[in-house]
Protein chains: 2
Amino acid sequence: MATILIVDDENDIRELITLNLRREGYDTLEAADGLQAMKKARKKIPDLILLDLMLPEKDGYSVFRELKESNLTQNIPIIMLTARGKLDERITGLSLGADDYVTKPFSPKELLLRIKNILHRTQSHPAGTIIEIGDFRLDKNHLVLHLAGAAIDLTATEFKLLVVLIESGGHTQAREDLLRQVWGYNDLTQTRTLDTHIKRLREKLGDFSHQIETVRGVGYRFISDGKASS
Amino acid sequence: MATILIVDDENDIRELITLNLRREGYDTLEAADGLQAMKKARKKIPDLILLDLMLPEKDGYSVFRELKESNLTQNIPIIMLTARGKLDERITGLSLGADDYVTKPFSPKELLLRIKNILHRTQSHPAGTIIEIGDFRLDKNHLVLHLAGAAIDLTATEFKLLVVLIESGGHTQAREDLLRQVWGYNDLTQTRTLDTHIKRLREKLGDFSHQIETVRGVGYRFISDGKASS
DNA sequence: AGTAAATGTGACACAATTGTGACAAGACAC
DNA sequence: GTGTCTTGTCACAATTGTGTCACATTTACT
C-alpha cells in the first residue's frame with residue numbers, strides 16, 4: 001500500500017499520526033527535521049508527505065522547495081501541517097503548491113480523510129495514464145492492468161483492445177470498428193485475430209472475464225459490473 | 001573563491017554589498033539592470049546571484065526566468081532581494097524557485113550568513129549532482145555509481161542512460177524518448193545501441209540488474225524496489 | 001430437433017522484439 | 001606510434017507476441 005512520510009519535530013504528534021496511519025494499512029516513514037526528511041524521501045520515495053511547517057534547522061518552506069526541485073520527489077503530493085490556521089501560512093502553503101492543508105490540532109479522522117482523498121486522486125501518476133473503472137485499473141504507461149489487487153501484464157495489442165472497449169463506455173463496438181481502431185485494418189479483411197485476442201484477454205481477466213460481453217453478429221462490449229456504469 | 005553576481009539598480013546598495021563580500025574574500029560582479037546581468041552572467045558564470053526584484057527595463061522576474069531557462073545559468077542559486085517583505089512577492093519569489101529571499105533593508109551580516117549557507121549546501125554537492133534512491137547513489141560529477149557500498153564505474157553514456165531512467169520516477173521511457181534524451185537522436189534512426197547499452201548497464205548492475213525492466217514494445221523503466229509501484 | 005452462421009478454443013508457424021557476444025572505428029593518454 | 005577505453009553496428013540467439021487454421025461449441029432461426 002501507499003507509503004507516507006511524516007515530517008514533524010514533535011515526537012508525540014509523529015507517533016500519533018504513525019499509529020493511525022498504520023492501523024489503516026499505510027506504510028509510514030518518520031523524520032524529525034528537514035535533513036532527515038530529505039534523506040528518507042530519497043531512500044524510499046513516499047507516495048505522500050505530511051509536512052510540518054515549524055521545523056528546527058531548515059524550516060518547512062525550505063524542505064518543501066527542495067522536495068519540489070528534485071526530479072525524484074517533485075510529483076509527490078504534500079499536505080502541510082501547521083500550528084494554527086494562520087492565514088498567511090495558509091496562503092503561502094497553498095500557493096507554493098501544497099496539495100492540502102491541515103491545521104493543528106486536527107482529528108485523526110480528518111487527516112485520514114484528506115490523505116485518502118489525495119492519494120486517490122493523485123497516486124502520483126501523470127495525468128491521463130491511468131484509467132480506472134470498477135475493479136479495473138489500467139496503467140497506460142506500463143501496459144499493466146491492476147485487477148482487484150493483482151497486477152496483470154498485457155501485451156501491447158491486448159492492452160489497446162481493452163482500452164478501446166473500456167473507453168467506449170458500455171457501448172458495443174462493432175468488429176470492424178475494433179479492427180480499425182486496434183489493428184488499423186481498414187479493408188474488411190477476413191480475419192479471426194480479434195476473436196483470438198478477446199479469448200486471450202478473457203483468459204487473463206480470470207474471474208472478471210464476463211465483463212467482456214460478446215454481442216453476437218455485431219461485436220463486443222465492456223460492462224462495468226452493474227455499478228459504476230456510464 | 002566563489003564569484004557572486006550582484007544585480008541591483010541602486011549604486012549605493014550594489015557597492016555596499018560588493019564591499020562586504022570582497023572583505024570576506026568573494027569575487028564580485030555587478031550589474032545595474034537585467035540586460036547587463038545576463039551579459040555578465042554569460043561571460044563569467046557566477047556561483048551565486050543576488051537579484052533585486054525592482055529593476056528598470058526588464059524586471060527581476062523576467063531576469064530570473066531567463067536565467068533559469070538558460071542551460072548555462074539554470075543551476076546557479078539565486079537570492080532575491082526586495083524592498084519590503086511584501087507577502088505576494090515572497091510567494092512569487094519562492095514559487096519561481098529562488099533559493100532564498102532577503103528583504104531590504106537588511107544587515108550585511110544577515111546577507112552574508114545566507115550566502116554562506118547556500119554556497120555551502122550547493123557547492124559541497126553542486127546542485128543536484130547526487131542522486132540517491134534505494135541502494136543506488138549516483139554521483140554526476142564523477143560518473144560513479146555506488147551500489148550497496150560498492151563503487152561501479154560507468155561510462156558517460158551508461159551514466160546518462162541510468163540517470164534518465166531513474167529520474168523518470170518509475171515510469172516507462174519509450175525507446176524513442178531514451179534515444180532522444182541520451183543520444184540526441186531526433187529522427188527515427190534505426191539503431192540497436194540502446195539495447196546494447198541496456199545490456200552493458202545490467203551487466204554492471206549485477207544483482208540489481210532486474211531493476212531495469214523492459215516493457216516490450218515500449219521501452220524500459222527503472223523500478224526502485226521489488227514491487228511494481230507508482 | 002435440425003441447420004447454418006457466428007464465436008470460442010487450442011495448436012502451431014512465423015514475426016517481431018530484445019538479449020548477447022564479437023568486432024572495428026574513433027578518442028584519448030602515454 | 002602503442003595500448004586502452006568507449007561506442008555503435010552487426011549477426012545470431014533467445015524470447016515473446018501475433019495471426020491463421022482446424023475443430024468445438026454456442027446461438028438464432030426454421
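Fair warning: this is a prediction, and the values are worked out from it, not measured in the lab. First the proteins, then the strands, lettered A, B, ... as listed; each starts at 1.
Sparse packing is recorded around NZ of A:K160, with 12 or fewer heavy atoms of other residues, nucleotides or ligands lying under 6.0 Å away.
The nearest whole Å value for the distance from the CG atom in B:L178 to the C1' atom in D:dT7 is 17 Å. Rounded to an integer number of Å, the gap from CG of B:D195 to C1' of D:dT9 is 12 Å. Atom CG in B:L161 sits roughly 14 Å away from atom C1' in D:dG8 (whole-Å rounding). Taking atom CD1 of A:I198 as the reference point, atom C1' of C:dT9 lies 14 Å away to the nearest angstrom. Rounding to whole angstrom units, CG of residue B:L201 and C1' of D:dG8 are separated by 16 Å. The nearest whole Å value for the distance from the CZ atom in A:R175 to the P atom in C:dA5 is 15 Å. Across the protein-nucleic acid pair, B:E203 atom CD and C:dG21 atom C1' stand 9 Å apart, rounded to whole Å.
In this structure the side chain of A:D8 never reaches within 4.5 angstrom of the side chain of A:L50, judged on heavy atoms.
The CD1 atom of B:I198 sits 9.5 Å away from the CG atom of B:L205 when rounded to the nearest 0.5 Å.
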TODO: Report, as a single string ordered 5' to 3', how protein heavy atoms within less than 4.0 Å touch nucleotides 15-21 of chain D: B base, S sugar-phosphate only, - not at all.
DONE: BBSBBB-

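Ionic pairing of A:E203 and A:K199 is present here: one or more N-O contacts between side-chain nitrogen and carboxylate oxygen are shorter than 4.0 angstrom.
Close to C:dG19, at under 4.0 Å from its OP1 or OP2, lies a side-chain N or O of B:Y220. The shortest distance between the side-chain N/O atoms of B:K199 and the OP1/OP2 oxygens of C:dG21 is below 4.0 Å.
Using a 30° and 60° split on the angle between ring planes, B:H171 and A:H142 fall in the tilted class, from 30° to 60°.
Of the possible donor and acceptor atoms, none in the side chain of B:R175 sits under 3.5 Å from a partner among the backbone N and O of B:G219.
Across the interface with DNA chain C, nearest-nucleotide mapping of B:V215 and A:G219 shows A:G219 to be the residue nearer the 5′ end.
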